[in-house]
Amino acid sequence: QVQLVESGGGLVQAGGSLRLSCAASGRTFSSYTMGWFRQAPGKEREFVAAISWSGGSTLYVDSVKGRFTISRDNIKNTWYLQMNSLQSEDTAVYYCAASSQGSTWYVPAPPYEYDYWGQGAQVTVSS
């Protein structure tokens, strides 16, 4: 059974940092694009960042560029989202996801292109 489990969420003050982790089990995801999404109350799920299977290509939503960094460790079957300079607008439930639709150069963003999802981790930024 495939499982994606997020960890590292919590409460932080504006300007602070958090690192989210997503540990996968049940299969290897070394050939998958790995992504992060978020959903704030009353809003649709939003793409945040993704990384190609090799780690050579990344994609970020404009609002997090320069503040968030996505990375992966294929040996550990785990990927990460380092979040710096957090703002109140970053408050949301963060979901990790895996997509079989990507390639070395194509990093998918739409949620429908992702096959597996984690259960979500709450990130709350207080101002």
Side-chain angles (χ1 to χ4, degrees):
Q1 181 181 358
V2 173
Q3 278 192 314
L4 306 182
V5 179
E6 299 97 340
S7 61
L11 174 65
V12 64
Q13 288 188 332
S17 299
L18 284 174
R19 188 175 84 151
L20 299 178
S21 299
C22 183
S25 61
R27 67 161 297 149
T28 181
F29 287 95
S30 57
S31 64
Y32 277 61
T33 296
M34 313 309 284
W36 289 95
F37 292 76
R38 65 187 179 186
Q39 188 166 18
K43 295 187 177 181
E44 293 187 354
R45 190 166 298 190
E46 173 191 36
F47 171 81
V48 176
I51 186 168
S52 64
W53 68 270
S54 66
S57 295
T58 56
L59 183 67
Y60 297 91
V61 67
D62 285 347
S63 60
V64 308
K65 284 181 181 177
R67 301 188 298 122
F68 290 12
T69 303
I70 189 172
S71 61
R72 66 188 296 162
D73 185 332
N74 286 341
I75 295 176
K76 294 183 178 179
N77 224 21
T78 300
W79 58 108
Y80 309 93
L81 185 68
Q82 178 67 43
M83 304 184 292
N84 299 329
S85 302
L86 282 161
Q87 305 165 356
S88 57
E89 302 79 56
D90 298 315
T91 294
V93 176
Y94 283 71
Y95 299 89
C96 61
S99 171
S100 61
Q101 302 303 309
S103 67
T104 301
W105 304 114
Y106 172 61
V107 180
Y112 63 79
E113 293 200 67
Y114 284 77
D115 308 290
Y116 301 100
W117 292 84
Q119 82 288 351
Q122 178 69 46
V123 171
T124 303
V125 184
S126 63
S127 56

Show your working on side-chain contact (heavy atoms from CB on, under 4.5 Å) between V48 and M83 and close with a plain yes or no.
CA-CA 11 Å; V48 176; M83 304 184 292; over 6 Å; no

Salt bridge (Lys or Arg N to Asp or Glu O under 4.0 Å) partners for R67, two or more places apart:
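Salt bridge (Lys or Arg N to Asp or Glu O under 4.0 Å) list for R67, sorted by chain: D90.
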
Please report the closest heavy-atom contact between [X] and [Y], naming both atoms and the distance.
X	Y	answer
N84	S17	OD1-OG, 2.9 Å
P108	F47	O-CE1, 3.8 Å
Y60	K65	O-CE, 3.4 Å
W79	A24	CZ3-CB, 3.9 Å

Sub-4.5 Å side-chain heavy-atom contact between N77 and T28
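Yes, side chains in contact.
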
Answer whether the closest heavy-atom distance between the side chains of L20 and E6 falls below 4.5 Å.
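The answer is no; the side chains never approach within 4.5 Å.
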
Distance-only, no hydrogens or angles: does the S57 side chain make a donor-acceptor pair with backbone N or O of T104 under 3.5 Å?
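At least one qualifying donor-acceptor pair exists.
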
Just by modelled atom types, is the T91 backbone N or O under 3.5 Å from a matching donor or acceptor in the T124 side chain?
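No.
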
Determine, stepwise, if the pair W36 / F68 fulfils side-chain contact (heavy atoms from CB on, under 4.5 Å).
CA-CA 11 Å; W36 289 95; F68 290 12; over 6 Å; no

To the nearest 0.5 Å, what is the distance between [atom1] on [X] and [atom2] on [Y]?
X	Y	atom1	atom2	answer
R72	C22	CZ	SG	10.5 Å
Q87	S127	CD	OG	11.0 Å
S30	I75	OG	CD1	10.5 Å

Sequence neighbours excluded, every pair satisfying ring-ring contact (aromatic ring centres under 6.0 Å, His included) that has a member inside residues 87-109
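Listed by first then second residue: nothing to list.
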
Linking I/L/V/M/F/W/Y whenever their side-chain heavy atoms sit closer than 4.5 Å, directly or via other members, would Y80 and M34 fall into one cluster?
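No; tracing contacts between hydrophobic side chains, which count when under 4.5 Å, never links both residues.
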
Could you see if Y114 belongs to whatever hydrophobic cluster contains W53? Use Ile, Leu, Val, Met, Phe, Trp, Tyr and a side-chain cutoff under 4.5 Å.
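Unlinked, Y114 and W53 end up in two clusters.
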
